[in-house]
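When reading the values below, keep in mind they use all heavy atoms of this one structure, side chains included, and skip hydrogens, waters and symmetry mates.
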Amino acid sequence: MSRTLLSHILHRPPPLLASRGGGRGGALPSRLRTLRLNCSVAEATASGDEAPAPPARKKRVVSGVQPTGVDLYETLFFIVDLHAITLPYEAPQLSKATRSTAAIYLACGIDSSKSHVRAHVELMWLLSSSTPIGWLNRMIQFKEKSRKAGDENVGVALLTYPVLMASDILLYQSDLVPVGEDQTQHLELTREIAERVNNLYGGRKWKKMGGRGGSLFKVPEALIPPAGARVMSLTDGLSKMSKSAPSDQSRINLLDPKDVIMNKIKRCKTDSFPGLEFDNPERPECNNLLSIYQIITGKTKEEVIRECENMNWGSFKTTLTDALIDHLQPIQVRYEEIMSDPGYLDGVLLEGSGKAAEIADITLNNFTFHSVAIKVNDYQSPE
C-alpha cells in the first residue's frame with residue numbers, strides 16, 4: 001500500500017537504482033506498468049491461416065515488482081488494485097495508496113507507464129467459467145484469511161481472486177513469473193488453468209473446426225530469485241515479513257526515516273550464538289538478517305560470510321543499519337520529488353495507455369474467439 005515493505009524489493013538486482021518497488025490500489029481495473037515493451041504476440045484469425053513467425057524477443061516477465069535480471073527480459077509491472085479489494089478497504093485511502101505506490105515505482109528507477117487495462121476483468125470472467133471451484137477451495141491463503149475474517153465478512157472476491165491473478169499473468173503470454181516460496185501455489189493454479197483452457201479450446205479440437213490450433217496461453221514458469229525468495233520478520237525469524245503483521249516493528253518500509261530504521265534494527269530479534277552464519281536451522285534470525293544484508297548490498301553469500309562471520313551482533317546491526325539507510329535514502333528523496341509534482345506523476349501514469357492494451361486485447365480477443373465459437377458450435381443442431 002502506501003508503505004511498501006522491504007520484502008517487496010527483494011526480487012531484483014542488487015544495484016541501487018536498477019529498480020525496486022511494489023504495491024496495491026483501489027476499485028478500478030488492474031493497472032499495468034510497462035518497461036521497454038516489444039509486442040510480438042501474433043493475433044489469431046478465423047481464416048485458419050498460420051500467422052507469420054514473430055520476431056525473436058526476450059522472454060516476457062509479468063510481476064507486481066521488478067524481477068531479478070531485468071536486462072534479460074521484457075518486463076511488465078502491476079499495481080494490483082483489484083486484488084486489494086478482496087477484504088474490507090477504505091476507497092479514499094486505497095486511491096491515495098495507488099498513487100503513492102506508483103511514485104515508489106518511479107523513485108526506484110523503473111522507467112514505466114500505466115494504463116487502465118480492462119481486459120484483466122474480462123479475461124478473469126472467461127477463465128472463471130473454466131476453473132473448477134474445487135481448485136479455489138484448496139487455496140491456502142483463502143482458507144487462512146476466511147477463517148480469520150469469518151464467513152459473514154468474506155466476499156466472493158476472496159475466493160476468486162486467484163483467477164484474477166491468473167488473468168494478470170496469462171493475459172500477457174508470460175514466460176516467467178517471479179514468486180517467493182510462499183506464492184508457488186498461486187502460480188501452480190495459473191499453470192493448471194492455462195493447461196485446462198488450452199485443452200478445452202485449443203489444439204486439435206479447434207483445428208478440426210478450421211482454426212489454426214496450438215495453445216491459447218503460454219504455461220508460465222516460476223522465476224525464483226537465488227536470494228531473498230522469502231524475507232522473514234524482524235521480530236520472528238520463522239514468520240514471513242508482511243505489511244499485514246500487527247507490529248510495524250516486524251518490517252522495514254521503503255519510506256521509513258533513518259531514526260525508525262535504526263530503532264527497528266537495534267530492537268530486532270537475534271540469538272546468543274557466537275559469530276554469524278547462514279543456513280543454520282537453529283538460527284533463523286541470523287540467516288534472515290544476513291540475507292537482507294546480502295540483497296541490499298548486492299554482495300554474494302561468500303562475500304557476506306567473509307565480512308561478517310566474526311562480527312558480534314552490535315557491530316553487525318550497525319553495518320546493516322548503515323546499508324539500509326544508504327540504500328533507501330535516494331529512493332526516498334526521489335519519491336518526495338515525484339509526489340510534490342502531481343502533474344508529472346499523472347503524465348507518466350497516462351503515457352502508456354495503448355502499449356499494455358495492445359498485448360492484452362490480442363490475447364483476450366483470441367481466447368474469446370476460440371471459446372465462444374466452440375461453445376456456440378456445440379449447441380448448434382447438425383444439418
Side-chain angles (χ1 to χ4, degrees), residues 4-25 30-38 57-84 101-102 104-106 108-112 114 117 120 139-141 161-162 164-194 217-232 240-243 254 288 291-292 294-296 298 327 331 356 359:
T4 307
L5 300 183
L6 173 65
S7 59
H8 287 180
I9 70 174
L10 298 183
H11 294 296
R12 38 201 168 279
L16 177 62
L17 287 182
S19 295
R20 308 187 180 238
R24 304 219 167 174
S30 294
R31 299 174 179 191
L32 174 70
R33 315 305 122 188
T34 62
L35 175 62
R36 297 198 301 270
L37 283 180
N38 179 23
R57 65 167 178 84
K58 297 177 181 179
K59 286 188 175 181
R60 180 174 294 146
V61 174
V62 169
S63 175
V65 293
Q66 183 169 347
T68 301
V70 68
D71 292 332
L72 299 178
Y73 307 114
E74 174 194 358
T75 313
L76 299 98
F77 306 95
F78 299 88
I79 296 176
V80 286
D81 44 7
L82 282 175
H83 296 262
T101 300
I104 288 175
Y105 268 54
L106 296 173
C108 289
I110 295 176
D111 179 16
S112 60
K114 169 272 228 177
V117 183
H120 287 249
M139 302 304 289
I140 294 173
Q141 287 192 16
Y161 97 92
L164 176 61
M165 185 180 297
S167 172
D168 294 339
I169 296 168
L170 300 178
L171 193 58
Y172 299 97
Q173 302 294 351
S174 313
D175 299 281
L176 301 166
V177 181
V179 292
E181 293 174 352
D182 59 322
Q183 300 167 321
T184 54
Q185 188 185 35
H186 284 117
L187 180 59
E188 189 56 37
L189 176 67
T190 297
R191 289 171 50 82
E192 290 176 345
I193 291 174
F217 296 119
K218 287 189 176 181
V219 181
E221 301 287 342
L223 178 62
I224 300 177
R230 194 174 193 189
V231 181
M232 312 308 286
K240 188 182 74 167
M241 185 181 284
S242 171
K243 65 178 177 295
L254 279 177
N288 185 47
S291 297
I292 292 173
Q294 176 191 347
I295 299 163
I296 287 299
H327 181 82
I331 295 174
I359 302 174

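- Proximity of Pro220 to Leu170: side-chain heavy atoms (C-beta onward) are separated by under 4.5 Å at one or more points.
- Looking at residues two or more places apart in sequence or on another chain, you find a side-chain contact (heavy atoms from CB on, under 4.5 Å) between Met139 and Phe142, Pro162, Gln185, His186, Leu189.
- The side-chain hydrogen bond (donor to acceptor under 3.5 Å, both in side chains) check on Glu192 picks up Arg138, with sequence neighbours excluded.
- Annotation: the span from Ile169 atom CD1 to Leu187 atom CG amounts to 5.5 Å, rounded to 0.5 Å.
- Using a 4.5 Å heavy-atom threshold, the side chains of Gln173 and Ile359 count as separate.
- A distance of 4.0 Å separates CD1 in Ile296 from NE2 in His327, rounded to the nearest 0.5 Å.
- With rounding to the nearest 0.5 Å, the separation of CG in Leu106 from CD1 in Ile331 is 12.0 Å.
- Atom-to-atom distance recorded for Phe217:CZ and Ser167:OG is 8.0 Å, nearest 0.5 angstrom.
- Residues Met241 and Ile292 share a closest heavy-atom pair of CE-CD1, 4.4 Å.
- One finds the CE atom of Met165 at 10.5 Å from the CD1 atom of Ile193 (value rounded to the nearest 0.5 Å).
- Between Arg191 and Val219, the shortest heavy-atom distance links the atoms NH1-CG1, 3.4 Å.
- Looking at heavy atoms from C-beta onward, Asp175 lies out of side-chain contact with Leu223 at the 4.5 angstrom threshold.
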